[in-house]
Asks: 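Supplied in structure tokens, the structure appears directly below.
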Number of protein chains: 4
Amino acid sequence: MPATTHRTAAARTRRPDERPEEILEAALTVFAERGYRPATMEAIAREAGITKGTIYLYFENKEELFVSMVREKLRELAALLPPVAYEPGMDFAKILKEAGQKYLEVMMTPRAAQLMSLMIGQYNQVPGLRSLYLEEVIPRGNMELARLLELGQQVGLVRPLDTVIAARSLFGMFFIFVLTQEVFGAKAVTPMSPEMIADTVASIWLEGVLERGNPS
Amino acid sequence: MPATTHRTAAARTRRPDERPEEILEAALTVFAERGYRPATMEAIAREAGITKGTIYLYFENKEELFVSMVREKLRELAALLPPVAYEPGMDFAKILKEAGQKYLEVMMTPRAAQLMSLMIGQYNQVPGLRSLYLEEVIPRGNMELARLLELGQQVGLVRPLDTVIAARSLFGMFFIFVLTQEVFGAKAVTPMSPEMIADTVASIWLEGVLERGNPS
Amino acid sequence: MPATTHRTAAARTRRPDERPEEILEAALTVFAERGYRPATMEAIAREAGITKGTIYLYFENKEELFVSMVREKLRELAALLPPVAYEPGMDFAKILKEAGQKYLEVMMTPRAAQLMSLMIGQYNQVPGLRSLYLEEVIPRGNMELARLLELGQQVGLVRPLDTVIAARSLFGMFFIFVLTQEVFGAKAVTPMSPEMIADTVASIWLEGVLERGNPS
Amino acid sequence: MPATTHRTAAARTRRPDERPEEILEAALTVFAERGYRPATMEAIAREAGITKGTIYLYFENKEELFVSMVREKLRELAALLPPVAYEPGMDFAKILKEAGQKYLEVMMTPRAAQLMSLMIGQYNQVPGLRSLYLEEVIPRGNMELARLLELGQQVGLVRPLDTVIAARSLFGMFFIFVLTQEVFGAKAVTPMSPEMIADTVASIWLEGVLERGNPS
DNA sequence: TATGAATGAGTATTCATTCAT
DNA sequence: TATGAATGAATACTCATTCAT
């Protein structure tokens, strides 16, 4: 029957409204730094300026904290990306380049890249991530563009090809740079400006996708 | 006691030369199934049909085992890919499609995809992986194609664009399908044949990269 | 803002005087269900319809709550048992049987049995229980009967034997049924009616204790 | 990726055959001293002269260790009790007194009493204990005696009464002394010799059970 | 070489207790 | 009085690594 005595914590501040957000932020930092397993709840708490036990007031366990963090941070990233709206008469190529530029600007940052890396690494170990990807990432990032391409095909602007594959290809072209430059640290070896990447990638994809006769 | 008892001959059959290989094979299986941290030396040993201690006769520790496994399996995969040789007069498009097809054939398998996933997830936690990637993957997979493009530019076949970016883009186009279809399990949701992917991707990239006047 | 909002009147109804009692009641329920250690202050509070912190307004800590609960509930049980009064000329056997019946009626209930079980299990871990037993249980339950027996011996009704041992034996005869039937759940395997038990036990003990010549 | 270095343990002795027994012995000591929950695996290991991890080589978890310990120690106690054999012509009373004496001799020891106390306290928290009690304790300790009584009834030696209740009563008479004297520490307050207890208890029970006409 | 018993550092999680409001 | 957010000590259990055989 232990009678534990506690010191009077100086900073026993109550901020129930902001806590979850702060914890998620700290979680991303620590998970990104060490990886899912090596990241300790203790370290996350310290990073958030609280103590271990407090995390458990807001999250069931480490796994739920991880999934919540990924969901929240994905949403924050998604919120930074402007919706790609296309209407007849607009400059397709320009829209695409600008969208690509914006995408790289957001994704080619250490934080975003680390988030990707964490997701990929834990994808098959953490059940909650699957639905996150299938329900939030695919529909938004992929299907929208595919539908845009179908539209283009109907007006003869886009070559006849599988639009889902084409759309995902573009995503892959961008993604590989996020992965190599940021996650794999290749930017120290082969530095490339996001502008240059966006320009080149967009032009290759556009030329490859548009109908011959139509100047991009 | 005239009757000596022997263990079965089979149990005594030792193949010391094949041990490391068997261990690496078992390691890939178990690492892929559980991820780096949750994979236990015990489980790897069991998978290899030996006991824990024996692994340490061949590998310094878990990390070295992991890096050795990745290196070995990457080499095995690389060995399956035929070198892309191009000589003037050859059908550039056909070569590319066939190479892409072969690439997907090799990479769009659970094992290869799991290897990728493991690499990405551990990349920043396991020092040895960095050099592996920078020294083995980039030069072979990327620089070769970039040089090929430069050649194409010199003879006016390829548009003037950053060849390293273009080359890596192609890799990304393929890689995204390995990642999504195999690692993320999207193939259950949006099934696509490797042939269709290779064809579509190759044609987009080629059209996007080749000079206008030159029919692919 | 002219319209003041009130919480429901019921929610504000506070019965400070009944609080400790309610908490003790909840404590017995939860302690009995889970055991001393696994029972959490949180669960006890919830059971009592209050919050954790409130318990500490009435009890120093978990241990004191436990001891207080045991003391209170023992008293409540004791209050249910009528005092065994004997005066010359009364039917000794009948008194005993009725007292035994009453005792079993009170003790052979899940709640009483759980209380016993808790006491026994924590006896040597919780200092306060010792004095409770030595000062409240022994004198009342045991010594009274022993004195009664001495009286019987003086008038030649009871055989010459150690009265304390004889008295405690009777208690043990009853107790073993409380323990086995209620605590150990043997009543599901070997069901016995309290009446039958009381009758049989009382008759054995009486026959064993009374002087030969005296018909019970 | 922590690389833990271990000191060379001086006493890394391998004794797989004796380990389980040693651990069970240590477990009884520590469980008895502190109770189930407060007893730590660390303390049990230290008591056994080994380290925590080693316990887990032999027992699944704390609960299994506890149940295994109770089972083993109950068996050891049971082995100390000679079987009560009765054949016509033997002195029933003498047999009973001697058996009771032996029982108390074995059970009225701190270790045995602590084991009882542990069992009672954990009975409803630890599933494995239920079957232990129902399958091992009841049949051996109770049913044998009940059958003996039935035999006595058939030859007119024993009064007509419920033999199961009578048998269990005797057990209770003894058990209450184990409980009060050893577990509750009443022996410091009301010391009684086991011989005196056995004699008194046996004589009361016998007189109460035997047919009037038959001198015990 | 191979074994597998032993080690012990490391960690997620729980929960009694405190205290600002 | 009452709340409930915050604390942090405590602990079962895991598993990479060692080493006597």
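This is a predicted model, so every value here is computed, not measured. Proteins get letters first, then strands, A, B, ... in listed order; numbering begins at 1 in each.
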Asks: Taking the side chain of B/T54 as heavy atoms from C-beta outward, which of E/dA16, F/dA16, E/dA2 is closest to it?
Replies: E/dA2
Asks: Give me the one residue out of D/E25, D/E76, D/E33 that meets salt bridge (Lys or Arg N to Asp or Glu O under 4.0 Å) with D/R111.
Replies: D/E25
Asks: Does B/A39 or D/A39 map to a spot on DNA chain F nearer the 5' end, using the closest nucleotide for each?
Replies: D/A39
Asks: Of the candidate nucleotides F/dA16, E/dT7, E/dT13, which contains the atom at the shortest distance from the side chain of B/K62?
Replies: F/dA16
Asks: What is the separation between atom CG on D/L57 and atom P on F/dT17, rounded to the nearest whole Å?
Replies: 18 Å
Asks: Please determine, for F/dT21, whether a Watson-Crick or G-U wobble partner exists with both distances under 3.5 Å, and give it or none.
Replies: E/dA2
Asks: If you pin C/E60 and A/R34 to their nearest nucleotides in DNA chain E, which one's is more 5'?
Replies: A/R34
Asks: Does any N or O in the side chain of B/K62 come within less than 3.5 Å of the main-chain N or O of B/T40, such that one atom is a donor and the other an acceptor?
Replies: no
Asks: Output the rounded distance in Å from CD (C/E64) to C1' (E/dT17).
Replies: 14 Å
Asks: Could you tell me how far apart D/N61 (CG) and F/dT11 (P) are, to the nearest whole angstrom?
Replies: 17 Å
Asks: Given F/dC15, E/dA12, E/dA5, which nucleotide is nearest the side-chain atoms of B/T40?
Replies: F/dC15
Asks: Can a donor-acceptor pair be found, under 3.5 Å and without considering hydrogens, that links the side chain of B/E72 to the backbone of B/S68?
Replies: no
Asks: What's the CZ-C1' distance between B/F59 and E/dA2, to the nearest Å?
Replies: 16 Å
Asks: Side chain of A/T51, heavy atoms from C-beta onward: which of E/dT14, F/dT7, F/dA16 has the nearest atom to it?
Replies: F/dT7
Asks: Between C/R37 and E/dT14, does any side-chain N or O lie under 4.0 Å from OP1 or OP2?
Replies: no
Asks: Could you state the CD-C1' distance from A/E22 to F/dA5, rounded to the nearest angstrom?
Replies: 13 Å
Asks: B/E42 CD to F/dT14 P: how many Å, rounded?
Replies: 13 Å
Asks: Identify, between A/Y36 and B/I50, the residue whose nearest nucleotide on DNA chain E lies closer to the 5' end.
Replies: B/I50
Asks: When you measure from the side-chain N and O atoms of D/Y58 to the phosphate of E/dA5, is any distance below 4.0 Å, counting only OP1 and OP2?
Replies: no
Asks: Expressed in whole Å, how much space separates the P atoms belonging to F/dT21 and E/dT1?
Replies: 22 Å
Asks: Atom CD of residue position A/E21 - does it have more than 12 heavy atoms of other residues, nucleotides or ligands inside 6.0 Å?
Replies: no
Asks: Want to settle it: does A/K52 or B/G53 sit nearer the 5' end of DNA chain F, counting the closest nucleotide to each?
Replies: A/K52
Asks: Picking from F/dT18, E/dA6, E/dT17, which would you name as closest to the side chain of C/Y56?
Replies: E/dT17
Asks: Is it the case that the side chain of B/N124 and the backbone of A/F184 share a donor-acceptor pair, with hydrogens and angles ignored and the cut-off at 3.5 Å?
Replies: no
Asks: Quick one: B/R46 CZ to F/dA16 P, roughly how many Å, whole number?
Replies: 12 Å
Asks: In terms of relative ring orientation, are A/F66 and A/F31 parallel, tilted or perpendicular, with 30° and 60° separating the classes?
Replies: perpendicular
Asks: Could you tell me the separation between the CD1 atom of D/I55 and the P atom of F/dT11, rounded to a whole number of Å?
Replies: 14 Å
Asks: In the structure shown, which nucleotide is the Watson-Crick or G-U wobble counterpart of E/dG10, with both distances under 3.5 Å?
Replies: F/dC13
